[in-house]
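Since the structure is predicted, the reported quantities are computational estimates derived from the model, not experimental observations. In what follows, residues are counted from 1 in the order of the sequence shown.
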Amino acid sequence: MSKLLINRRRLLSTGAVLGASTLFAPSILRAQTALKVAGIHASPVENAWNSVLHAALQAAHDEGVIEYTFSEGVSGTDYPRAMREYAESGNALIVGESYAVEREARQVAGDYPDTAFLMGSSGEASGDNFGVFGTWNWEAAYLCGMLAAAMTQTGKVGSVGAIPIPEVNMLINGFADGVHAVNPDVEHSVSFIGTFFDPPRAREAGLAQIDSGADILFGERIGTADAARERGIKAIGSMIDYTPRYPDTVFANALWSFRPLLDAAVADTGAGNPTGKNYTPLSLMKDGGNDISYVEGVAPAEAVARMEEVRAAIKAGEFEVPRNFEEPA
């Protein structure tokens, strides 16, 4: 059975394909009137990153904290229109991503100063209403890398990522740093598939990694574990818990929770406070934003013990996992 190491907090299940994609039981926000919040997802909500946002938003909706509506699979060319329509519909907060439409998204926010925006972005916050966030589960990825280094038999591990933007780079670099902290001689190779959602392409990239000798894959993209399962090797998931879907393949996951960020943005919006800030730091492990899950008995006991020591040090603020935004070599 998968042992989830999350400060003894209960996982929230979406009851669907998303699985346990919201990590931690939230500090429930109560208001007399639920805040109208819209989600705009460029990928289907089954995509790992989007599923974490969607699960957090849906959970807040189910609790009566917000009134949530959403669109998925919204193209870059259509994204600004969707933002405007949701703003015109009276949504107090719009959650989405501006990676492909930074200039246009900020223009829309400027045109609707009374609407708060919380957007996944590689840029900075702007104005009073354009808040940003990144995906910081690189601390958990580091811990996963420590386990991978102790388990590889070929001395080669691989990572499959989407596009080399800073957040993806930091995640993969975090995994590699964890590997090399345990064994600097392990070779780490990286493949980018050029898109955020293409499971068949991620599978093909994973197969190529395996053909090059990798016997453990870190799947920043959904589809990587399919290659590992097909070839009978182990894999590590990212964002959500992939172990239930791949019980004999995925032995560890670098989990991320959007709920702490959402709670903060909802509180700011409801109080009329400016939301033009960077909410990313709430993804830190010490704030409940990311953590590792793993299956007991797969990694060597001594490797798990060493990893647990580092995990405790991260939570206590005694160890800081390096942040490297550069494209992995």
Side-chain angles (χ1 to χ4, degrees), residues 17-19 21 41-52 72-76 97 99-100 120 135 137-138 140-141 144-145 147-149 151-176 178-179 186-256 295 298 326-329:
V17 68
L18 302 181
S21 54
H41 304 279
S43 299
V45 293
E46 68 184 15
N47 184 39
W49 187 85
N50 299 92
S51 77
V52 175
E72 60 182 325
V74 180
S75 67
E97 54 199 279
Y99 296 110
T135 308
N137 59 327
W138 95 103
C144 290
L147 297 184
M151 292 173 58
T152 178
Q153 299 296 310
T154 64
K156 296 181 180 181
V157 299
S159 294
V160 177
I163 300 170
I165 60 174
E167 288 79 11
V168 174
N169 294 343
M170 181 173 68
L171 180 62
I172 292 176
N173 286 329
F175 171 74
V179 169
V186 173
E187 295 181 24
H188 173 243
S189 55
V190 184
S191 299
F192 292 102
I193 64 173
T195 182
F196 288 109
F197 187 74
D198 193 335
R201 188 178 297 182
R203 170 185 166 275
E204 290 297 326
L207 291 174
Q209 296 271 11
I210 297 168
D211 289 340
S212 297
D215 63 350
I216 297 177
L217 296 182
F218 176 58
E220 193 273 328
R221 286 296 102 185
I222 186 171
T224 308
D226 292 308
R229 180 170 59 182
E230 185 175 325
R231 295 292 180 85
I233 69 166
K234 297 298 183 183
I236 294 167
S238 179
M239 304 281 184
I240 65 176
D241 184 1
Y242 284 97
T243 300
R245 200 182 308 181
Y246 304 91
D248 298 319
T249 301
V250 176
F251 71 94
N253 299 273
L255 303 173
W256 177 59
V295 180
V298 178
E326 298 300 317
E327 182 173 346

What distance do Met151 atom CE and Ile236 atom CD1 have between them, rounded to the nearest 0.5 Å?
7.5 Å

So, do Phe218 and Thr224 sit near enough that their side-chain heavy atoms are less than 4.5 Å apart?
no

Can you name the closest pair of heavy atoms from Ala205 and Ser191 and give their distance?
CB-CB, 4.1 Å

Once you round to the nearest 0.5 Å, how far does CG of Asp215 lie from OG1 of Thr154?
3.5 Å

Going by the rule side chain to side chain donor-acceptor pair (under 3.5 Å), which residues pair with Thr249 if we only count those two or more places apart in sequence or in a different chain?
none

Below 4.5 Å, heavy atoms only, C-beta onward: do Arg229 and Asp248 meet side chain to side chain?
no

For Ala254 and Ala141 the tightest heavy-atom approach is CB-N, 3.6 Å

Show me the side-chain donor-acceptor pairs of residues 155-163 shorter than 3.5 Å, one per line, residues at least two apart or across chains.
from: Lys156; atom 1: NZ; to: Ser212; atom 2: O; distance (Å): 3.4
from: Ser159; atom 1: OG; to: His188; atom 2: NE2; distance (Å): 2.7

Spacing of Ile193 atom CD1 and Ile222 atom CD1 [to the nearest 0.5 Å]:
10.5 Å

Nearest atoms (heavy-atom pairs only) where Gly237 meets Tyr242
CA-CD1, 3.7 Å

So, for Leu217 and Ala227, which heavy atoms are closest and what is the spacing to 0.1 Å?
CD1-CB, 4.5 Å

Quick one: CG on Leu147 to NZ on Lys234, what's the gap to the nearest 0.5 Å?
13.0 Å

Mind telling me whether Trp49 and Tyr99 have parallel, tilted or perpendicular rings, with 30° and 60° as the class edges?
perpendicular

What verdict does the side chain to side chain donor-acceptor pair (under 3.5 Å) test give for Asn50 and Glu97, after you've listed the backbone C-alpha separation in whole Å, the side-chain angles of each residue and the deciding distance to 0.1 Å?
CA-CA 9 Å; Asn50 299 92; Glu97 54 199 279; 3.0 Å; yes

As an exercise, state the distance from CG of Asn137 to CD1 of Ile240, rounded to the nearest 0.5 Å.
11.5 Å

What residue pairs, at least two apart or across chains, pass side-chain hydrogen bond (donor to acceptor under 3.5 Å, both in side chains) with a residue in residues 166-175?
Ser122-Glu167

For the atom pair CD1 (Ile233) and CD1 (Ile216), what is the distance rounded to the nearest 0.5 Å?
7.5 Å

With the side chain counted from C-beta on, respond yes when Met239 and Thr135 share a heavy-atom pair under 4.5 Å apart, and no when they do not.
yes

For residues Val190 and Glu327, determine if any side-chain heavy atom of one lies less than 4.5 Å from a side-chain heavy atom of the other.
no

Side chains of Phe192 and Ile172: closer than 4.5 Å at any heavy-atom pair?
yes

Taking side chain as C-beta onward, heavy atoms only, is Arg221 less than 4.5 Å from Asn47?
yes

